[in-house]
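Atoms considered below: every heavy atom in the structure, side chains included; atoms not considered: hydrogens, waters and symmetry mates. Labels below follow one simple rule: chain letters A, B, ... track the order of the sequence lines, proteins then strands, and each chain is numbered from 1.
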Amino acid sequence: MEECKESSQKKWTHLRKVLERPGPFSHPEFEPSPDILDFILSTCKILIVGAGGLGCELLKDLAMMGFKHIHIIDMDTIDLSNLNRQFLFRLKDVGFSKAEVAADFVNKRIQGCQVVPHCCMIQEKNPQFYRQFHVIACGLDSISARRWINGMLVSLLEYDENDVLDQSSIIPLVDGGTEGFKGNARVILPGMTACVECTLDLYPPQVTYPLCTIANTPRLPEHCVEYVKMVQWSKENPFGVPLDGDDAQHLTWVHEKASERANQFNIQGVTFRLVQGVVKNIIPAVASTNAVIAGVCATEVFKLATSCCTPLNNFMVFNDIDGIYTYTYEAEKKENCTVCSNIPHPVTIEDPSKMKLKDLIQFLCENPKFQMKNPGLTTNIDGKSKTLYIPTIDVIEARTRPNLSKTLLELGLSDGQQIIVADTTTPTSVILKLVYSISDIEMKT
Amino acid sequence: MIKLFSLKQQKKDGESTPRTGNQKKASAAQLRITKDINELNLPKTCNTEFPDPDDLLTFKLVICPDEGFYKNGRFVFSFKVGPSYPHEPPKVKCETQVYHPNIDQQGNVCLNILREDWKPVLTINSVVYGLQYLFLEPNPDDPLNKEAAEVLTSNRRVFEQNVQKAIRGGYVGGIYFDRCLK
């Protein structure tokens, strides 16, 4: 009853205009209905990854749009330097969890909103956690975190026996990114459109300088800081610990030594800020860019959740260094993408208590679908990697040879287990999925 | 284009029962390193050591050059392949003290493909060949050990003697080198 009242509230008048009648940009299969607003208000579950510059904006945008069930995950704590743009945080919050403070703020401010914070690393959450969401929106500052989320969502995809994707297993990923006055927003339908891994070469490589230049012929202030970071720190080890970019004492030491070096080579411009930037690889943040990109991402989440409009297809770049410029293009799915084109091949195993690893390898060599030559096999058991057999490296071959005459059960391989197979006959590793014909209960006896 | 709303209406809390096994899926790094290791094609002067065969991301490479300045030496490199591989290069350190223009006393190695020229298409094999090449053709133009580079440019005979002295163990230019004869 309360939900009915809620959706009839005056504040949703504008949403009802786009959700309760068709429009020229509606999805071809869009069926206008009051149920859609109810879905947004009561059912739809969103995950925001990152509670930093983009995350704060995203959370505010989505909560005010009507999404009630929002989870937000971030492992970081609030730093004084965040306060200029991460507007859900105040001076008193410095040192506390970003996710928790952001969730508290929005829960207090927006009636009925239930933001659930998770103060941990994204890697600590299991597939069940990610599976519960309808859409995931990312405001991250690292490529490896993006790749991890992307890999997770691809791993949740289900395929039928003809390798046809089950669309209900797709969790769309809306990813935003900013750097100074530049930003981008993209929509990824895992398994259907270009994923993070397909377009990995779009990310600029991290700036690195040749080690020999740093060591002998520095020309830039950055070279001097790199030298202290790479060479002098480990040599002198002033505090007996690895360099910590968040430790003011460490930075002061690096600044001092880098300045000395700069003087030696007549190089200008080693400032404390530069030292901080080089040591921590800081990406400058501009509040307005974050606002624009988060706005685009929130709109995409809304479009995906309601189908009231076709979503962004699929990559938008934004630049407001000189005037304002945006451009949208379709990033293409890579046919040999190691992540999203690598559909696990189901292999039916009659009896895993009889089938030995060497039988599986023989199968891979003889089966017309694989016809492998000299496959190497690895897998993951309880989150740890395990080498089953690698024929080409003598030391590993000798240590893994006993596995050949063990059965799949003895090796700890369970039903649904994914095996990574590398062989010269394929350009990338192939993933096998073991499908046991007999049930778990029988296996244990 | 998928129509999410119709697909997801039925999906609610707690109904997310997994249909497949829950072994964590292989990371892109693991997929690549399995491939790289399985197809490692080492020259006969090189050998690998895997302290833990289940961990293909941590290993050592031993190079025993059979020609050039460094003939008869035995040089150990440690490889650490991170979760961002192959977007980022493996971290390689030289564990043997070596008198070499492109390797310093801390074991840092100045090889372009390990830093500024790394590309994801390169493999562990490319790095192995790059390191092997460093021993055949030390490059004095881009030195990390300036003193060694200067000797190499000015007098190749003295450089060769210095290298052999360092390999047998002893002082070169005031720095003590541990014996690393094959």
Looking at side-chain heavy atoms only, is the closest gap between B:P83 and A:S144 below 4.5 Å? no
In a check of side chain to side chain contact (heavy atoms under 4.5 Å, CB included) between B:K35 and each of A:D423, A:T378, A:I420, A:T426, which one passes? A:T426
Contact origin within A:N374 toward chain B - heavy atom pairs under 4.5 Å: backbone
For B:L31 and A:N342, what are the C-alpha separation, side-chain angles and deciding distance, and is it a side chain to side chain contact (heavy atoms under 4.5 Å, CB included)? CA-CA 10 Å; B:L31 286 166; A:N342 214 335; 4.2 Å; yes
Donor-acceptor pair, distance only, cut-off 3.5 Å: does the side chain of A:T338 make one with the backbone of B:A28? no
So do the side chains of A:S429 and B:N38 get within less than 4.5 Å of each other, counting heavy atoms only? no
Can you find a pair of side-chain heavy atoms, one from B:E39 and one from A:T424, that are under 4.5 Å apart? yes
Heavy atoms, side chains only, cut-off 4.5 Å: are B:L56 and A:I396 in contact? yes
May I ask you to check whether over 12 heavy atoms, not counting those of B:K93, lie within 6.0 Å of atom NZ? yes
Does any backbone or side-chain atom of A:I214 lie under 4.5 Å from a heavy atom of chain B? Answer side chain, backbone, both or neither. side chain
Please classify the contact between B:Y85 and chain A as side chain, backbone, both or neither, with a heavy-atom cut-off of under 4.5 Å. backbone
Min side-chain heavy-atom separation B:N108-A:V231 under 4.5 Å: yes
Taking 4.5 Å as the heavy-atom cut-off, does anything in residues 114-130 of chain B contact chain A, and if so which residues? B:R115, B:E116
Do A:T387 and B:T34 come close enough that some side-chain heavy atom pair is under 4.5 Å? no
Separation between SG of A:C212 and CG of B:N145, rounded to the nearest 0.5 Å: 12.0 Å
Note: A:N216 and B:K146 closest approach over all heavy atoms is OD1-CD, 2.9 Å
Where on A:P28 is there a heavy atom nearer than 4.5 Å to chain B: the side chain, the backbone, both, or neither? neither
Side chain / backbone / both / neither for B:P89 at chain A, heavy atoms under 4.5 Å: neither
Nearest 0.5 Å, what's the CD-CD1 distance between B:Q30 and A:I431? 9.5 Å
Contact check, side chains of A:R147 and B:S27, non-hydrogen atoms, under 4.5 Å: no
For the student: nearest non-hydrogen atoms of B:P51 and A:R399, plus distance: O-NH2, 3.6 Å
Option that, when pairs with chain A are counted at under 4.5 Å, heavy atom only, ranks first among B:D55, B:I37, B:L42, B:N41: B:I37
Distance-minimising heavy-atom pair for A:I143 and B:H87: CD1-NE2, 3.6 Å
Can you find a heavy atom in the side chain of B:Q106 that is under 4.5 Å from one in the side chain of A:M230? no
Whether A:K235 side chain and B:Q105 backbone form a donor-acceptor pair below 3.5 Å: no
Given that the side chain runs from C-beta out, which part of A:P427 has a heavy atom under 4.5 Å from chain B: side chain, backbone, both or neither? backbone
At a heavy-atom separation under 4.5 Å, does A:T379 approach chain B through its side chain, its backbone, both, or neither? backbone
Is A:I393 close to chain B through its backbone or its side chain, or both, or neither, when contacts mean heavy atoms under 4.5 Å? side chain
With rounding to the nearest 0.5 Å, note down the distance linking CG in A:L211 to CD1 in B:I103. 11.0 Å
What residues of residues 133-141 of chain B sit under 4.5 Å from chain A when you count only heavy atoms? none
